[in-house]
There are 2 protein chains.
Amino acid sequence: MDTLPDDRPAFHDGGHEHQSCVEDALARAEDLCRRRGARLTPLRRRVLELVWGSHRAVKAYDLLAALDDGAGAAKPPTVYRALEFLKEHGLVHRIDSLNAFVGCPQPGEGHSAQFLICGECGEVSEMNAASIDRAVAERAAASGFALSRIIIELHGRCPRCATPSRGI
Amino acid sequence: MDTLPDDRPAFHDGGHEHQSCVEDALARAEDLCRRRGARLTPLRRRVLELVWGSHRAVKAYDLLAALDDGAGAAKPPTVYRALEFLKEHGLVHRIDSLNAFVGCPQPGEGHSAQFLICGECGEVSEMNAASIDRAVAERAAASGFALSRIIIELHGRCPRCATPSRGI
DNA sequence: CCGCCCGGCGTTACAGTATAGCAGCACGCA
DNA sequence: TGCGTGCTGCTATACTGTAACGCCGGGCGG
Ligand SMILES: [Zn+2]
Ligand SMILES: [Zn+2]
Ligand SMILES: [Zn+2]
Ligand SMILES: [Zn+2]
């Protein structure tokens with residue numbers, strides 16, 4: 001019955017060292033691409049870094065604006081192609097209900113992700129709950145349905161935004 | 001462990017009488033709106049009927065085109081407002097991963113829907129699996145997350161498209 | 001009956017999201 | 001050197017969704 005705790009903390013407290021959090025993510029990406037023979041070009045690396053700028057989901061056009069280095073503004077295909085590459089290699093996930101992208105904390109491992117999305121602070125936390133996987137797989141099988149892609153996006157309030165303060 | 005079968009068949013066979021299927025859906029909608037004091041106007045009813053035209057998810061701009069009765073073409077807000085009304089009253093669901101809408105077979109009851117979406121024939125089947133609900137609620141609670149909206153969209157192949165024919 | 005309010009609908013205009021298709025360029029390799 | 005391939009850039013366009021304003025008709029108090 002899946003009593004295993006998540007292997008990393010859901011949602012980040014004040015003490016979170018985001019600087020190193022991003023550096024680690026980029027290092028994992030470099031490593032994974034090297035092992036796969038995929039090219040993490042400067043542009044792709046920069047986009048990944050921007051996505052990791054926060055733990056919120058980032059919109060493509062915000063990335064586009066952020067890429068604008070003062071001179072000519074970047075064009076949509078630039079960022080969409082980088083995102084497609086990152087997505088193919090599991091370095092980012094697309095959140096369909098937000099039209100936005102979030103960095104994957106555990107790229108490379110075949111994992112079915114479920115996302116907790118806080119509507120208050122915007123933070124997105126990725127889960128890997130075997131119990132949910134199992135329930136979904138069972139029900140799909142019971143309907144004779146052959147699964148290929150599982151989208152689970154859970155909206156609500158994260159612990160920090162939900163808890164103490166006054167109601168409402 | 002949720003061994004209850006779904007209360008309606010997932011996916012439709014050749015013998016499906018879609019004419020009456022649509023009529024029943026419209027009758028349920030009329031009834032539900034009457035009970036709620038909501039106004040199922042001719043336009044809204046027509047949009048609902050178009051959504052129910054198939055068991056696939058329908059795009060807003062396809063509805064728009066279908067609404068065009070030869071004279072002046074309908075404008076986006078027309079159909080989006082109708083869809084918003086239908087969605088508020090649970091008569092249709094939005095499939096976020098497709099930017100499209102599908103009719104709800106059981107409107108009015110508080111149900112958390114999971115969707116099985118066939119990538120081959122496009123048919124969308126709505127489930128109400130308590131086991132999935134439960135697994136999701138447990139994991140969210142374990143993270144201290146207060147759920148408000150649960151999006152579960154399962155892509156793959158329906159029984160008819162997956163089964164007999166030659167491989168591939 | 002009159003005037004008012006309000007919800008539904010129509011229109012214009014625009015914002016936001018995403019892709020097609022072609023050109024230039026750098027690199028590795030024959 | 002010449003070529004192919006993959007990355008990036010560009011223009012243009014398609015697709016999705018919303019803001020804001022105004023008209024109209026029906027209900028309701030006066
Ligand atoms: Zn961090
Ligand atoms: Zn939060
Ligand atoms: Zn039917
Ligand atoms: Zn199918």
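It should be emphasised that the depicted structure is a prediction, and the values quoted were computed from it without experimental measurement. Reminder, nothing fancy here: chain letters follow the sequence lines and each chain counts from 1. Hydrogens, waters and symmetry mates are skipped; everything else that's a heavy atom, side chains included, is used.
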How many whole angstroms separate atom [atom1] of [X] from atom [atom2] of [N]?
| X | N | atom1 | atom2 | answer |
| --- | --- | --- | --- | --- |
| L98(B) | dC15(D) | CG | P | 16 Å |
| D62(B) | dG17(D) | CG | C1' | 15 Å |
| L64(B) | dG10(C) | CG | P | 11 Å |
| D96(B) | dG16(C) | CG | C1' | 16 Å |
| R44(B) | dG10(C) | CZ | P | 11 Å |
| K75(B) | dA13(C) | NZ | P | 11 Å |
| L43(B) | dT11(C) | CG | C1' | 15 Å |
| Y61(B) | dA14(D) | OH | P | 13 Å |

is_close_aromatic(H18(A), H12(A)), centroid dist under 6.0 Å: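 No, they do not, as the ring centres are separated by 6.0 Å or more.
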ILVMFWY cluster, L83(A) and I151(A) together (side-chain gap under 4.5 Å):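 In one cluster with L83(A): I151(A), no.
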Check: Q106(B) side chain, C104(B) main-chain N or O, donor-acceptor pair, under 3.5 Å: no
Can you check whether [X] has a side-chain N or O nearer than 4.0 Å to OP1 or OP2 of [N]?
| X | N | value |
| --- | --- | --- |
| K59(A) | dT17(C) | yes |
| R94(A) | dT17(C) | no |
| R39(A) | dG6(D) | no |

Stepwise salt bridge (charged side-chain N to carboxylate O under 4.0 Å, His left out) check, E120(A) with R160(A): CA-CA 10 Å; E120(A) 192 77 13; R160(A) 264 180 307 138; over 6 Å; no
Options dC9(C), dT19(C), dA19(D), nucleotide nearest the side-chain atoms of T41(B):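 Taking heavy atoms from C-beta onward, the closest nucleotide is dC9(C).
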Side chain of N99(A) (C-beta onward), nearest among dA19(D), dA18(C), dG17(D):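 The nucleotide sitting nearest to the side chain is dA18(C).
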Sequence neighbours excluded - ring-ring contact (aromatic ring centres under 6.0 Å, His included) pairs with any residue from residues 112-145 of chain B: F11(A)-F145(B), H93(B)-F115(B)
From CA spacing to verdict: side-chain hydrogen bond (donor to acceptor under 3.5 Å, both in side chains), H55(A), S125(A): CA-CA 8 Å; H55(A) 291 278; S125(A) 170; over 6 Å; no
R56(B) atom CZ, over 12 foreign heavy atoms within 6.0 Å: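 Open: at most 12 neighbouring heavy atoms sit under 6.0 Å from CZ of R56(B).
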DNA chain C-proximal residues of residues 78-91 of chain B, any heavy atom under 4.0 Å: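 Within residues 78-91 of chain B, the residues near DNA chain C are T78(B), R81(B).
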